[in-house]
S.K.: 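Here's a structure for you.
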Amino acid sequence: MDKILWLCNGAPLRAGNFYSNCNKRGISWIDSLLDVFYEKDDIELYIFFPIENKKDAEIKKEKNIFFYPFKNLKAPHKYNFNLEGEFYEKIIKIKPGIIHIFGTEFSHCLSMMRAVQKADMSESTVINIQGLCSFIKDHYFAFLPFKIIYKYTFRDFLRHDNILQQQKKFKARGEFERTAIGLSRNVIGRTDWDRACIAEMNPDCNYYSCHEVIRKQFYEHWWDINSCEKYSIFISQSFYPLKGFHILLEAVLILKRQYPKIKIYTTGNSPLNTKRIRESSYSQYIRKMLIHNKLENQVYFLGELNAEEMCQQYLKAHVFVSASSIENSSNSLSEAMLLGVPCVASDVGGTVSLLNNREDGYMYPADEPYMLAYYINKIFEDDNLAIKFSRNARQHAYLTHDKNDIIKKMIKIYGEIKK
């Protein structure tokens, strides 16, 4: 029986059956891939993931899956030397044929790579690129005013965590990431952007291309212009600068002149309801933008949504917006395209590898909110254009995220690495 070891940045949903103190939201692309491997009787899968409190973090088994929690560092920009030894001991005991590391954003990736080297398993180890802190750090300020970048709220001061300090933490994580990728013989990526980044960091490694399986709900529904809420926008995240929520607010201020009842829906808690003592400088900036521009009654913060609730929120929107200052391969954009929601996305990072501009939707220069407003308006005013984008995006995304094709590619990559 083949043994495969996965290292993940968070707990998969199935782990929630055993551990009360792990993240119950799961990781969408890993959960989708895990559902497929769950049905394979010829594979034993060992999943390593961080957990907040290790006191009840025993190894658990479900069918052919073994869950291996390890103690999470509260400061992800620091290095845990103890993990190297822990990972090495587990690798020697399990003797996996393949080690698959999902993501480089945290220092446990480097811990695993050093354990892999010690166990002489570099050839059969692959790193799957998700985000790349080394490059994200250069985009973290996301076209914010200078004074906001350097500002401190009370919360920021206590946590040493204003926007500038957050960027410095990304830089520290990026240094661990560069070392880990420099040690890697094999890398899986998805876009021209991450391929270019890997070529800069480690031009000698083997690069494999394989997209991600999207959550099952998003293959099962189709956006309908007659069922959506007209002149409404959905953006999937709003709580940190990289996602560009402030850029969307600037665009909506322009659109409000023509569409006075325009609405924005997003996840997370409203900064209008956050206690001042707890607000970050970014949430404070958003709060003041909402109040100053009289948008308080047009922006709806929906809290934390599960997969089905997210799906329904996409379907409700007239337009989905990705306003990020950088992305590798946005799962939110992919989900919207799979559902056929008309999309407007910033032309950053790997987005051009996902969406064909003017065929599947619109792309706009990330620092130009007036162009974002212009393209949203074009969809608002032309139902035939919206329907065209819906059809084309759905067809494109189904090819990109074909579940059977992705599984075949992943199995093929594993086979090539094992040779």
Side-chain angles (χ1 to χ4, degrees), residues 26-33 35-36 128-131 188-195 208-225 227-228 233-237 243 265 267 305 307-324 326-364 375-376 378-379 383-410:
I27 307 171
S28 58
W29 56 96
I30 289 175
D31 288 319
S32 300
L33 191 59
D35 286 342
V36 177
N128 210 132
I129 301 302
Q130 293 173 174
I188 297 173
R190 290 167 285 164
T191 66
D192 288 346
W193 181 81
D194 67 21
R195 188 162 197 162
Y208 300 92
S209 182
C210 185
H211 278 276
E212 294 173 341
V213 180
I214 302 300
R215 292 178 288 186
K216 63 181 181 179
Q217 291 88 345
F218 298 91
Y219 294 89
E220 298 169 354
H221 300 278
W222 193 341
W223 178 85
D224 183 350
I225 195 164
S227 301
C228 73
I233 298 165
F234 182 52
I235 182 170
S236 60
Q237 293 185 43
K243 297 302 178 180
Y265 294 91
T267 58
L305 303 180
E308 187 58 42
E309 290 167 336
M310 282 287 287
C311 184
Q312 293 306 314
Q313 198 58 51
Y314 280 107
L315 294 170
K316 181 180 178 180
H318 196 163
V319 173
F320 170 78
V321 168
S322 174
S324 302
I326 192 65
E327 288 281 358
N328 175 21
S329 177
S330 167
N331 275 47
S332 298
L333 178 60
S334 293
E335 288 172 347
M337 290 176 66
L338 264 177
L339 292 169
V341 185
C343 297
V344 182
S346 52
D347 186 1
V348 296
T351 301
V352 70
S353 298
L354 294 180
L355 184 144
N356 293 322
N357 190 27
R358 299 179 180 273
E359 291 296 324
D360 304 334
Y362 285 124
M363 292 198 297
Y364 73 96
Y375 288 129
I376 292 172
K378 285 180 74 69
I379 296 172
D383 286 356
N384 289 329
L385 178 66
I387 292 167
K388 170 195 164 183
F389 283 165
S390 175
R391 180 182 63 249
N392 291 349
R394 184 174 167 86
Q395 290 173 351
H396 187 178
Y398 258 83
L399 290 174
T400 303
H401 301 286
D402 182 283
K403 289 184 280 189
N404 294 326
D405 184 52
I406 289 169
I407 296 303
K408 287 178 184 176
K409 282 184 179 179
M410 191 65 74

S.K.: Enter the distance from Ile376:CD1 to Cys343:SG here, rounded to the nearest 0.5 Å.
M.R.: 11.0 Å
S.K.: Looking at Glu220, Glu309, Glu335, which hits salt bridge (charged side-chain N to carboxylate O under 4.0 Å, His left out) with Arg215?
M.R.: Glu335
S.K.: State, yes or no, whether a side-chain contact exists between Ser329 and Glu212 at a heavy-atom distance under 4.5 Å.
M.R.: no
S.K.: Would you check, one step at a time, whether the test side-chain contact (heavy atoms from CB on, under 4.5 Å) holds for Asn392 with Met337?
M.R.: CA-CA 9 Å; Asn392 291 349; Met337 290 176 66; over 6 Å; no
S.K.: I'd like to know if Lys243 pairs up with Glu327 as an ion pair, taking the criterion as any Lys NZ or Arg NE/NH1/NH2 lying under 4.0 Å from an Asp or Glu carboxylate oxygen.
M.R.: yes
S.K.: Between Ser346 (side chain) and Ser324 (backbone), is there a donor-acceptor pair under 3.5 Å?
M.R.: yes
S.K.: Report yes or no: do Ser353 and Thr191 form a side-chain donor-acceptor pair below 3.5 Å?
M.R.: no
S.K.: How far does CD1 of Ile129 sit from CG of Asp194, to the nearest 0.5 angstrom?
M.R.: 6.5 Å
S.K.: In sequence, state the C-alpha distance, the side-chain angles, and the governing distance for Ile214 and Tyr219, and then conclude on side-chain contact (heavy atoms from CB on, under 4.5 Å).
M.R.: CA-CA 8 Å; Ile214 302 300; Tyr219 294 89; 3.8 Å; yes
S.K.: To the nearest 0.5 Å, what is the distance between CZ on Arg190 and SG on Cys210?
M.R.: 9.5 Å
S.K.: Provide the closest heavy-atom pair for Trp222 versus Arg391 in the form atom of the first, atom of the second, distance.
M.R.: CZ2-CA, 4.4 Å
S.K.: When rounded to the nearest 0.5 angstrom, what is the spacing between CG in Leu339 and OG in Ser390?
M.R.: 9.0 Å
S.K.: Contact between Asn357 and Tyr362 at the side-chain level, heavy atoms closer than 4.5 Å - yes or no?
M.R.: yes
S.K.: Begin from the C-alpha positions of Asp360 and Phe389 and carry the test side-chain contact (heavy atoms from CB on, under 4.5 Å) through to its verdict.
M.R.: CA-CA 5 Å; Asp360 304 334; Phe389 283 165; 5.8 Å; no
S.K.: Taking side chain as C-beta onward, heavy atoms only, is Met363 less than 4.5 Å from Leu355?
M.R.: yes
S.K.: What I'd like to find out is whether the side chain of Leu315 reaches to under 4.5 Å of the side chain of Met310, using heavy atoms alone.
M.R.: no
S.K.: Given Met410 and His211, is the side-chain contact (heavy atoms from CB on, under 4.5 Å) satisfied, shown in steps?
M.R.: CA-CA 9 Å; Met410 191 65 74; His211 278 276; over 6 Å; no
S.K.: Looking at Gln217 and Ala307, what are the two nearest heavy atoms and their distance?
M.R.: NE2-CB, 3.5 Å
S.K.: From Leu305 CG over to Gln312 CD, what is the distance, rounded to the nearest 0.5 angstrom?
M.R.: 11.0 Å
S.K.: Do Leu33 and Ile30 have side chains that approach each other closer than 4.5 Å (heavy atoms only, starting at C-beta)?
M.R.: no
S.K.: What's the separation between atom OG1 in Thr267 and atom CD in Gln313, rounded to the nearest 0.5 Å?
M.R.: 9.5 Å
S.K.: Can a cation-pi geometry be assigned to Lys409 and Tyr208, taking NZ or CZ under 6.0 Å from the six-membered ring centre and within 45° of the ring axis?
M.R.: no
S.K.: For Ala345 and Thr351, work out which heavy atoms get closest and say how close.
M.R.: CB-CG2, 3.9 Å
S.K.: Do Tyr364 and Val344 have side chains that get closer than 4.5 Å, going by heavy atoms?
M.R.: yes
S.K.: Which heavy atom of Val341 sits nearest a heavy atom of Ala317, and at what distance?
M.R.: CG1-O, 4.2 Å
S.K.: Are side-chain heavy atoms of Asn356 and His396 found at a separation under 4.5 Å?
M.R.: yes
S.K.: Which heavy atom of Ile235 sits nearest to which heavy atom of Val321, and what is that distance?
M.R.: CG1-O, 3.5 Å
S.K.: Should Pro342 and Trp223 count as side-chain neighbours, where that means a heavy-atom distance under 4.5 Å?
M.R.: yes
S.K.: Would you call the rings of Phe320 and Tyr314 parallel, tilted or perpendicular, where under 30° means parallel and over 60° means perpendicular?
M.R.: tilted
